[in-house]
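Below is one structure; the comments refer to it alone.
Worth saying up front: this structure is predicted, and the values here are computed from it rather than measured.
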Amino acid sequence: MRAVNFRAFLIISAFVTGAVLCSYLYMCFKTAGIVVGAVYLTALAALAVVFIIRFVKSKAKLRMAVTFGLSLVLSLLAFCFGAAYVNSRAESMKNGGYHYVVGRVCAVDIRNGRYRIDLEDLVFDGKEHDGILRITVRASDNNVAETVQCGDGLSFNAKVSCKQLVSDGKVDGTSYRTDIIYTATVSSDEIKVIFGEPSPIESFLSGLRELLTKNMGDKYGNIAFSMLTGDKHALGYDVTDYYSAAGLGHIMAVSGLHIGFLVVLLNIILARVGRKTRFGIIAAFLVVYVVIADFSPSVVRAAIMCVIAMFSVFVGGRRDILSAVLCAYSFILAFKPLYLFEVGFVLSFGAIFGIALFARTFARGMENHGIHRKIGNAVGASASVQIGIVPAETYFFGKIQTLALIVNVILIPYIAVVFVSIVIFSIIGAIPGIGAVLVVPKYLLVPIDYIAQGIAAVPYSTFYVNTTAAAFLCYPVMFVASEYFMMNRGKLAVILASIAVCFAFLCINTGKPSAKYYAETGKTIVAAAYDVEILPNNPLKNIRLEM
């Protein structure tokens, strides 16, 4: 058994992952992390030197020297950035207590009667601090939360609490991604507001939301807004719950799906433009879209992969999805190492990793059995995505959407039409006086919403499990069972053995009550360092992950 061919970023990504795990050890046990990290990086440096010397002496290929040299650089960056952030968070833990707080509003969340405001540019008692403070305004006094907007300044006295980066060995990846380090609860009458100006991006997003909600209604306007930007702050938890239960929650988190739709649309629009110019325009657009989506890990990953794919076409090279995904993975973790513990990052890469490993195999197998190529590609891609996200779903959410494959195979083409229509009609609707044209994407969106509600209400649409981090060991096993390993004999045996091993990893229990127990009893739990809460009157009994 051997690999089909050498892929540099397969090795690089493995070394970068090891460096991130060294920074995790540093997070939990500082001295051990320093020792292990130093040994790990020293050994990697020795390997890099060996291959560079061998290349100089013409005894090794340049590719090997570059592979280990880049592995060393990216791994060193990952460990250093990870350790630096851990030290920074350790310092922030000293800032808890009662303070006079001044900050700038950067987000407002008023979903389901809960009033939360995020503040940046923090000043505690006259001293500046990094990070974001999330304040909860007491439900009895909501007037301030209803009137403040991004760009406004707030000041108040409050007891500030610091969020733990690690709890019971689990990293709060959401806190790392959002930079929400502090929390506080404040009464409305204690807050002083200084009205300010939003940034250009905030103004654009506010205008887009207003355009959509004014012409599509609050519910569908906010669904459309979340599909375009990934911002779900104005969506009710009931909506996100039934979309998630139906396996359609991904359409409201900007990802490769959305990037793919947009790139296809841009290629159609720019069909008569030269290849060089088209490449530049699309790349610039992707950069802007990444900024609008607030550098979400999934959209950054998709944008990097898209640029790599376009560049491969531009220079006449071979497009290799596995190399592209591992390249994006390695570079993102080099600069944001703790994304390895962030649910959105893991789900995004799990999905595309599944496509890279199995989509062509599924499609080819179905085509060999007489199924039309386009149908085979659609089913193969959807099935591969579901396989790729199972380990992350079971670990972070404790559940699997059993009907997600069927729903996505059927609806993805239609969702593409809806998404593109929202983009096109939003541009047209921005012209004064003709915003009413947005009624078209509204009525296209209605069937998806009804289908999501119906699927979520189907018995056993959600299957609850209770697993540990051992679930992530499924990924290397999946790789062994993929087409990237050449097996002259025993393919079926290896595949069946791989399925059995993955099942065993998923069945390793945490020893704690399962997600199903909490869903049925309505009790509140904390899982994977996230606040997880059961909606008390939710007949679907879905677990909600506070982001």
Expected output: side-chain E342 to main-chain F345 donor-acceptor under 3.5 Å: yes
Non-hydrogen atoms of V477 and C502 that approach each other most closely: CG1-SG, 3.7 Å
Between V137 and R116, is a side-chain contact (heavy atoms from CB on, under 4.5 Å) present by the stated rule, with each step listed? CA-CA 6 Å; V137 181; R116 298 186 298 190; over 6 Å; no
Quick one: do the R301 and S348 side chains pair a donor with an acceptor below 3.5 Å? yes
Check: S155 side chain, V102 main-chain N or O, donor-acceptor pair, under 3.5 Å: no
Would you say the side chain of D172 lies within less than 4.5 Å of the side chain of V166, judging by non-hydrogen atoms? no
With K336 as the cation and Y176 as the aromatic partner, state whether NZ or CZ is under 6.0 Å from the six-membered ring centre and within 45° of the axis. yes
Less than 4.5 Å apart, side chain to side chain, heavy atoms only: is that true for S482 and T361? no
What is the distance from atom OG1 of T185 to atom CD1 of I135, rounded to the nearest 0.5 Å? 9.0 Å
With rounding to the nearest 0.5 Å, note down the distance linking CD in E393 to CD in Q386. 6.5 Å
Spacing of S23 atom OG and L21 atom CG [to the nearest 0.5 Å]: 7.5 Å
I would like to know whether L326 and I12 meet side-chain contact (heavy atoms from CB on, under 4.5 Å); could you show each step before the answer? CA-CA 8 Å; L326 293 176; I12 294 170; over 6 Å; no
Does the pair I181 and L133 meet the rule for a side-chain contact (heavy atoms from CB on, under 4.5 Å), with working shown? CA-CA 6 Å; I181 299 176; L133 165 66; over 6 Å; no
With no hydrogens and no angle check, just 3.5 Å: does a side-chain donor-acceptor pair link N157 and H99? no
Mind telling me whether Y289 and F285 have parallel, tilted or perpendicular rings, with 30° and 60° as the class edges? parallel
Side chains of residues 33-50: which donor-acceptor partners sit under 3.5 Å, not counting sequence neighbours?
from	atom 1	to	atom 2	distance (Å)
Y40	OH	F15	O	2.7
T42	OG1	A38	O	2.6

Is the closest side-chain heavy-atom distance between V171 and M27 below 4.5 Å? yes
F362 and G380: which non-hydrogen atoms are nearest, and at how many Å? CB-CA, 3.6 Å
When every non-hydrogen atom of T67 is compared with those of S71, the smallest separation belongs to O-OG, 2.7 Å
If the plane angle is over 60° it's perpendicular, under 30° parallel, otherwise tilted; pick one for Y475 and F472. parallel
Would you say the side-chain atoms of D152 pair up with the backbone N or O of V148, donor to acceptor, closer than 3.5 Å? no
Main-chain N/O of G247 paired with N408 side-chain donor or acceptor, under 3.5 Å: yes
Assess the residue pair T17 and Y329 against the criterion (side chain to side chain donor-acceptor pair (under 3.5 Å)); give the C-alpha distance rounded to whole Å, side-chain angles, the decisive distance to 0.1 Å, and a yes or no. CA-CA 9 Å; T17 301; Y329 173 90; 2.6 Å; yes
Treating E202 as the side-chain partner and S199 as the backbone partner, does any N or O pair qualify as donor plus acceptor under 3.5 Å? yes
Are S175 and R89 close enough that a side-chain donor and a side-chain acceptor fall under 3.5 Å? yes
Residue pair C162 / K94, side-chain heavy-atom distance below 4.5 Å: no
Is the F124-Y182 ring centre distance short of 6.0 angstrom? yes
Within the 4.5 Å heavy-atom criterion, are V73 and F68 side-chain neighbours or not? no
Would you find a donor on one side and an acceptor on the other, under 3.5 Å apart, between the side chain of S88 and the backbone of A84? no
Tell me if a side-chain donor or acceptor on S384 pairs with a main-chain N or O of A359 at a distance below 3.5 Å. yes
Taking every heavy atom of D179 against every heavy atom of G131, the minimum-distance pair comes out as OD2-CA, 3.3 Å
With distance as the sole criterion, is a donor-acceptor pair present between the side chains of D125 and Y98 under 3.5 Å? no
What closest approach, in Å, do K399 and S244 show between heavy atoms, and which atom pair accounts for it? NZ-OG, 4.1 Å
Check whether any side-chain heavy atom of D231 lies under 4.5 Å from a side-chain heavy atom of L205, and answer yes or no. no
Could you give the distance from CG (L119) to CD1 (I132), rounded to the nearest 0.5 Å? 9.0 Å
The test is side-chain contact (heavy atoms from CB on, under 4.5 Å); show your working for Y115 and T136 and say whether it passes. CA-CA 6 Å; Y115 295 82; T136 300; over 6 Å; no
Are any non-hydrogen side-chain atoms of I321 and I352 less than 4.5 angstrom apart? yes
Is a donor on one side and an acceptor on the other found under 3.5 Å between the side chain of Y85 and the backbone of L338? no
Taken to the nearest 0.5 Å, the spacing of S13 OG from F353 CZ works out to 8.0 Å
May I ask you to test the F29-L25 pair for a side-chain heavy-atom distance under 4.5 Å? yes
Take F341 and Y24 through the ring-ring contact (aromatic ring centres under 6.0 Å, His included) test and state the conclusion after the steps. CA-CA 10 Å; F341 308 98; Y24 171 76; 5.4 Å; yes
Supply the atom-to-atom distance I412 CD1 to F419 CZ, rounded to the nearest 0.5 angstrom. 12.0 Å
Provide the closest heavy-atom pair for V160 versus A184 in the form atom of the first, atom of the second, distance. CA-CB, 4.4 Å
